[in-house]
Amino acid sequence: MYRVVVADDQAIVRFGEEQLVNRLANFEVVGSVANGTAAYQVIEKNPVDVLITGLRMPQGESVVCTIKRIHAAFPDVRIVLYTGCADHEVLVQALQNGACGCVLKTSPTSELVYAVQTVVRDQQRYFDPTLMLTQTELATITQDPGVLCKRYESLTRREAEVLPLIVLGYSNKEIAAKLYISTKTVETHKSNINRKLGLYRHVDLVRFALQHHLVDF
């Protein structure tokens, strides 16, 4: 049985994905979440074979960053983008950093089914035919993405989860509730983030996040 997690900020999309996947032979949804951080937490705690995720999920860590973190920690998890975003630059970044398939929400649901089955059973990449990726983009996808940002890469997994929430203006108490940690732990992470990035003002953290595309606003 292939275990699937679906991640999308729209509940109705997640519901549709769950219904679709659960009807497939030997597939079952084991997690349904609204953002990338929550998807990471589910994968961290449970055996997962496939993650179906949106590409734009506001109010959190950018999906490209999440994909990079998941792929680094759980390389066997096959990541399929299911998105309404046709921005080729962002799509290529996501595919270069660990996603192995992409389907546009404007395509028939049969495309998503075929993509999931292809990346899992055939261990191959799958790109929606309507994407029309160029030869240059296809070549870029197979290249090593390199380091996103040396200072950002120095953050621990938990610090990388806390940073977007700081940037978005959440209080220590709200961050603690979202990540199931204590406010004291949040304060420690914030101090470490400030020190590692060399940034101590909120406006500077926001500017840094924007410059490196770390947060979806």
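The two residues Ile166 and His202 make their nearest non-hydrogen contact at O-NE2, 2.9 Å. Here the shortest heavy-atom pairing between Thr130 and Ser107 reads OG1-OG, 3.7 Å. Across Arg125 and Thr118, no two heavy atoms sit closer than the pair O-CG2, 4.2 Å. Here the closest non-hydrogen pair linking Val48 and Val50 is CG1-O, 3.4 Å. Considering all non-hydrogen atoms of both residues, Leu214 and Cys65 come closest at CD2-SG, 3.5 Å. Across all non-hydrogen atoms, the minimal contact from Val92 to Ile141 is CG1-CG1, 4.1 Å.
Note: Lys68 NZ to Ile79 CD1 = 11.5 Å, rounded to the nearest 0.5 Å. The structure places CD of Glu89 at 10.5 Å from OG1 of Thr140, a figure rounded to the nearest 0.5 Å. The line from CG of Leu205 to CG of Leu168 is 11.5 Å long, rounded to the nearest 0.5 Å. To the nearest 0.5 Å, atoms CG (Leu51) and CD1 (Ile67) are separated by 7.5 Å. Taken to the nearest 0.5 Å, the CD atom of Glu159 stands 4.5 Å off from the CG atom of Asn192. Rounded to the nearest 0.5 angstrom, Phe127 CZ and Leu104 CG are separated by 12.5 Å.
Between the side chain of Ser62 and the backbone N or O of His213 there is at least one donor-acceptor pair closer than 3.5 Å. Listed for the Asp216 side chain is no donor-acceptor partner under 3.5 Å among the backbone atoms of Gly60. Under a 3.5 Å cut-off, the side chain of His212 and the backbone N or O of Arg207 do not form any donor-acceptor pair. Using modelled atom types, one side-chain atom of Glu137 and one backbone atom of Thr134 make a donor-acceptor pair closer than 3.5 Å.
Leu179 has its side chain within reach of Leu165: a pair of non-hydrogen atoms, C-beta onward, lies under 4.5 Å apart. At a threshold of 4.5 Å between non-hydrogen side-chain atoms, the residues Leu163 and Lys196 do not count as touching. Looking only at side-chain heavy atoms (C-beta outward), Thr83 and Leu91 come within less than 4.5 Å of each other.
Between Tyr152 and Phe208, the distance from one ring center to the other does not fall under 6.0 angstrom.
In the hydrophobic clustering of ILVMFWY residues, with side-chain heavy atoms under 4.5 Å counting as a link, Leu55 and Val119 come out apart. Linking Ile, Leu, Val, Met, Phe, Trp and Tyr residues whenever their side-chain heavy atoms come within less than 4.5 Å places Met57 and Ile70 in a single cluster. Under the 4.5 Å side-chain contact rule for hydrophobic residues, Leu199 and Val215 share a cluster. No single ILVMFWY cluster, assembled from side-chain heavy atoms under 4.5 Å apart, contains both Val80 and Leu133. No continuous path of hydrophobic side-chain contacts links Leu81 to Val113 [ILVMFWY only; heavy atoms under 4.5 Å].
None of Val30, Val42, Asn46 except one satisfies the side chain to side chain contact (heavy atoms under 4.5 Å, CB included) rule with Arg3; the exception is Val30.
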For Val116 and Leu20, run side chain to side chain contact (heavy atoms under 4.5 Å, CB included): C-alpha distance rounded to whole Å, both residues' side-chain angles, the deciding distance at 0.1 Å, then the answer.
CA-CA 11 Å; Val116 170; Leu20 187 68; over 6 Å; no
Using the side chain to side chain contact (heavy atoms under 4.5 Å, CB included) rule, take Val77 and Asp49 through it: C-alpha gap first, then chi angles, then the decisive distance, then the call.
CA-CA 5 Å; Val77 175; Asp49 300 295; over 6 Å; no
Using salt bridge (charged side-chain N to carboxylate O under 4.0 Å, His left out), reason through Glu44 and Arg157 one step at a time and then give a plain yes or no.
CA-CA 11 Å; Glu44 184 180 37; Arg157 175 186 64 80; 3.1 Å; yes
Glu161 vs Ile175, test: side chain to side chain contact (heavy atoms under 4.5 Å, CB included). Steps then yes/no.
CA-CA 9 Å; Glu161 291 174 347; Ile175 295 173; over 6 Å; no
Yes or no on side chain to side chain contact (heavy atoms under 4.5 Å, CB included) for Asp76 and His71, after CA distance, side-chain angles and deciding distance?
CA-CA 8 Å; Asp76 291 335; His71 184 63; over 6 Å; no
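No donor-acceptor contact under 3.5 angstrom links the side chains of Thr188 and Thr185, judged on distance only. Inspection of the Asn172 and Lys190 side chains reveals an N or O donor paired with an N or O acceptor under 3.5 Å.
In this pair, Tyr114 and Tyr126 present their aromatic rings perpendicular. The plane angle is above 60°, beyond the 30 to 60° band.
For Met1, the CE atom sits in a packed shell: over 12 heavy atoms of surrounding residues, nucleotides or ligands are nearer than 6.0 Å. Heavy atoms from other residues, nucleotides or ligands lying under 6.0 Å from CD of Gln123 number more than 12.
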Could you list the donor-acceptor pairs under 3.5 angstrom formed by side chains in residues 7-18, with sequence neighbours left out?
unit_1 : atom_1 : unit_2 : atom_2 : d
Asp8   : OD1    : Gln10  : N      : 2.9
Asp8   : OD2    : Lys105 : NZ     : 2.9
Arg14  : NE     : Ser32  : OG     : 3.4
Arg14  : NH1    : Asp8   : O      : 2.6
Glu18  : OE2    : Ser32  : OG     : 3.0

